[in-house]
Number of protein chains: 2
Amino acid sequence: MSDVAARVGVSQALVSLVFRNQPGASADTRRRVFQAAEELGYRPDTAAQLLRRTRSRQLGVLFTMRHPFDVGVVEALYPAARKHGYTLVLNAMVATRGERQSMEELLGLRSEAVITIGATSSWEHLTTGVGRTPIVEINPRTRAAGVDVVRTAERKGIRQAVDHLVALGHRAIAHIDGGRMPGATERRRGYRAAMRRHGLADHIRVHPGDYTEESGARVARALLARAPAQLPTAVIAGNDRCAHGLLGALLRAGLRVPDDVSIVGYDDSQLARLSFIDLTSVRQEAAEAAELAVRAAAERLDEGRTADRDIVLDPTLVVRGSTGPPRTPSPPDGGLLR
Amino acid sequence: MSDVAARVGVSQALVSLVFRNQPGASADTRRRVFQAAEELGYRPDTAAQLLRRTRSRQLGVLFTMRHPFDVGVVEALYPAARKHGYTLVLNAMVATRGERQSMEELLGLRSEAVITIGATSSWEHLTTGVGRTPIVEINPRTRAAGVDVVRTAERKGIRQAVDHLVALGHRAIAHIDGGRMPGATERRRGYRAAMRRHGLADHIRVHPGDYTEESGARVARALLARAPAQLPTAVIAGNDRCAHGLLGALLRAGLRVPDDVSIVGYDDSQLARLSFIDLTSVRQEAAEAAELAVRAAAERLDEGRTADRDIVLDPTLVVRGSTGPPRTPSPPDGGLLR
DNA sequence: ATGAAAGCGCTAACAG
DNA sequence: CTGTTAGCGCTTTCAT
């Protein structure tokens with residue numbers, strides 16, 4: 001940068017102003033600075049900026065690349081951060097490193113706040129007391145104090161799925177849960193509650209799963225081993241990947257979807273939208289979650305908020321081709337009167 | 001850090017030594033430094049280290065999260081970098097930002113070299129002349145001068161697929177290509193060459209695609225519109241995602257795989273391994289590619305290599321359940337003699 | 001084995 | 001509008 005200043009014949013400070021788009025430099029100087037920078041191939045040094053600036057205006061992001069929803073969030077985070085005047089530092093959680101270490105790296109790089117996506121750990125010591133690093137968790141596996149949370153109203157999402165299936169005439173509606181994965185407990189509870197609400201408590205069936213395709217396929221095989229009359233007429237999977245496995249295994253076995261079994265997923269991922277999968281699914285807006293997470297961080301950093309926020313997003317059911325009326329519809333509630 | 005030094009009653013320089021595991025501090029001092037750091041909650045400041053160190057020992061990584069292979073590479077890059085004494089800085093390529101800008105950010109953070117995964121751009125100006133930033137491209141879309149490339153022997157991979165299918169008795173083997181995506185041209189050529197080698201030039205059929213599920217599904221629908229006798233008995237898709245789309249659409253239409261059509265994918269991604277997909281696929285080792293890319297960077301940075309390297313990995317065919325003999329096997333080459 | 005001092009490339013606060 | 005000055009937190013070099 002001093003090279004640029006020398007070339008133009010001005011002070012370093014002025015060049016700095018120009019590069020930060022701050023007022024206080026004449027149009028002509030700006031032009032000449034940019035030109036000199038171009039000629040010299042100058043590029044601002046982030047490390048030095050980071051060191052000297054009072055604020056880094058950097059947000060750390062801790063993410064995994066294994067879940068489709070997460071990918072969407074990361075992508076949406078870039079524009080959201082820019083909008084609030086922040087920059088992103090990514091760090092992947094991979095099995096060989098641990099969330100702890102990833103977090104350390106982000107903090108070492110002066111992240112003013114950290115946004116985690118579907119993380120497991122709790123970060124008490126980071127958030128304790130004043131001046132500690134704010135954490136915003138998107139769809140965390142567990143709830144924690146001292147952090148902001150952005151999550152979906154899982155129960156509401158599942159309820160919509162159940163309502164939709166019941167309206168189609170289904171009664172034997174099963175659920176494959178997500179074990180200890182983010183949101184799974186809520187989804188399971190939502191399923192149970194919604195079933196009871198429709199007077200279908202006797203039809204409640206929860207199959208253990210873990211959000212993977214294989215867990216869906218496993219349940220499919222278990223169901224296929226039963227007598228056809230014992231099959232549920234609809235299944236709500238814990239997420240789209242699980243629904244995908246269920247669907248794939250059922251189709252392979254010669255069943256028709258939705259004729260024999262209706263299937264609902266969760267996430268409305270790209271998978272659900274594929275023409276040959278065409279899955280009815282509960283949609284969580286990745287872009288919205290990203291925007292709200294950045295805003296939550298910005299509130300703490302720029303507006304001095306200190307109270308925890310629990311931000312709950314409303315999901316919506318996207319109806320596609322994997323759900324339809326059951327082949328032998330259960331009589332509607334008034335059926336006995338006929 | 002000066003706080004730690006003060007607390008222990010030594011100089012800052014000594015604390016620095018301790019944290020870098022450099023020799024020159026007594027065991028007792030080390031212990032006390034670590035303890036004081038712990039008590040004060042001290043964490044080294046990466047920005048300052050970056051600024052002051054002669055070498056950053058950081059490798060930039062430019063990646064996308066949309067292709068399964070890429071995800072595997074990123075994960076494998078962490079241990080590979082550590083092994084060579086480097087640290088990673090990630091930057092996602094997302095539609096809203098452009099590869100250029102991502103690259104700028106990585107360089108601003110003092111990346112000594114940049115590893116790109118499946119990128120489109122060419123980076124001449126970065127690599128021109130001495131002292132410029134080395135670039136290592138993994139599976140680049142286009143070849144460029146001045147950069148190291150790590151790629152798979154695509155033609156060899158496709159050839160193995162064709163050989164496998166021919167050995168099973170297939171003759172009408174079609175290919176769905178990947179348009180302008182990384183490796184697609186080579187795969188297409190490999191298909192043509194292998195078909196000719198088996199005297200099946202007349203059976204060459206290339207369907208345009210783009211590595212997405214939908215392109216596979218589209219081809220499936222086009223094929224289904226034909227008379228059954230006109231169907232190829234086997235299809236080699238450009239990658240696993242495309243194969244997945246093809247498979248899904250064919251199954252939905254009531255065809256059996258591999259009885260009616262055999263399918264081969266490319267990448268051996270997680271998708272291919274799913275029990276209900278069970279796709280024969282050409283495997284590229286993500287871990288190996290990651291390791292070789294880091295090594296290529298290290299060679300330039302630590303050993304002063306200046307000549308370009310073109311590193312070609314041998315793929316292997318993983319045979320699974322999506323390929324089998326054709327229903328009405330073509331007569332083997334000697335068939336006319338019967 | 002330890003300390004003193006210089007400075008990485010930049011920004012902030014102030015002065016002109 | 002422009003220049004001067006003083007560090008940010010660390011590593012490096014040289015001295016002790």
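Just so it is clear, the model here is predicted, and its values are computed rather than measured. Chain naming here is simple, since letters A, B, ... match the order of the sequence lines and numbering starts at 1 in each.
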Flag the pair [X] and [Y] as a salt bridge only when some basic side-chain nitrogen lies within less than 4.0 angstrom of an acidic carboxylate oxygen.
| X | Y | value |
| --- | --- | --- |
| Asp148(A) | Arg300(A) | yes |
| Glu299(A) | Arg295(A) | no |
| Arg97(A) | Glu105(A) | yes |

- request: Report yes if a side-chain nitrogen or oxygen of Thr29(A) is closer than 4.0 Å to either non-bridging phosphate oxygen (OP1 or OP2) of dC1(D); otherwise report no.
  value: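 For Thr29(A), the contact criterion (side-chain N or O under 4.0 Å from OP1 or OP2 of dC1(D)) is not met.
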field: side-chain N/O Ser26(B) vs dT2(C) OP1/OP2, d < 4.0 Å
entry: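 For Ser26(B), the contact criterion (side-chain N or O under 4.0 Å from OP1 or OP2 of dT2(C)) is met.
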query: Quick one: which of dT2(C), dG3(D), dG9(D) gets closest to the side chain of Leu51(B)?
result: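 Closest nucleotide among those given: dG9(D).
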message: Distance check needed: dC10(C) C1' versus Leu14(A) CG, whole Å only.
response: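 To the nearest whole Å, that distance equals 14 Å.
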- prompt: Can you check the Leu50(B) CG to dG9(C) C1' distance for me, whole Å?
  reply: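 The answer, rounded to whole Å, is 12 Å.
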- prompt: side-chain hydrogen bond (donor to acceptor under 3.5 Å, both in side chains): which pairs involve residues 135-145 of chain A, sequence neighbours left out?
  reply: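 For residues 135-145 of chain A, and leaving out neighbouring residues, the side-chain hydrogen bond (donor to acceptor under 3.5 Å, both in side chains) pairs sorted by first residue read Trp123(A)-Glu137(A), Asn139(A)-Gln284(A), Arg143(A)-Asp310(A).
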message: I'd like to compare against my own output: the B/S/- annotation of nucleotides 11-16 of chain D with a strict under-4.0 Å heavy-atom distance to protein.
response: BB----
message: Need one value for Gly108(A): base, sugar-phosphate or nothing, where a base atom within 4.0 Å counts as base even if backbone is also close, heavy atoms only.
response: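 No contact.
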query: Which part of the nucleic acid, if any, lies within contact of Pro44(A), taking any heavy atom under 4.0 Å across all strands shown: a base, the sugar-phosphate backbone alone, or nothing?
result: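 Sugar-phosphate contact only.
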Derivation and outcome, salt bridge (charged side-chain N to carboxylate O under 4.0 Å, His left out), residues Glu112(A) and Arg57(A): CA-CA 7 Å; Glu112(A) 295 188 23; Arg57(A) 300 207 72 85; 5.7 Å; no
- prompt: Does Glu99(A) use its side chain to pair, donor to acceptor, with the backbone of Met93(A) at less than 3.5 Å?
  reply: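 Not confirmed, Glu99(A) side chain does not pair with Met93(A) backbone.
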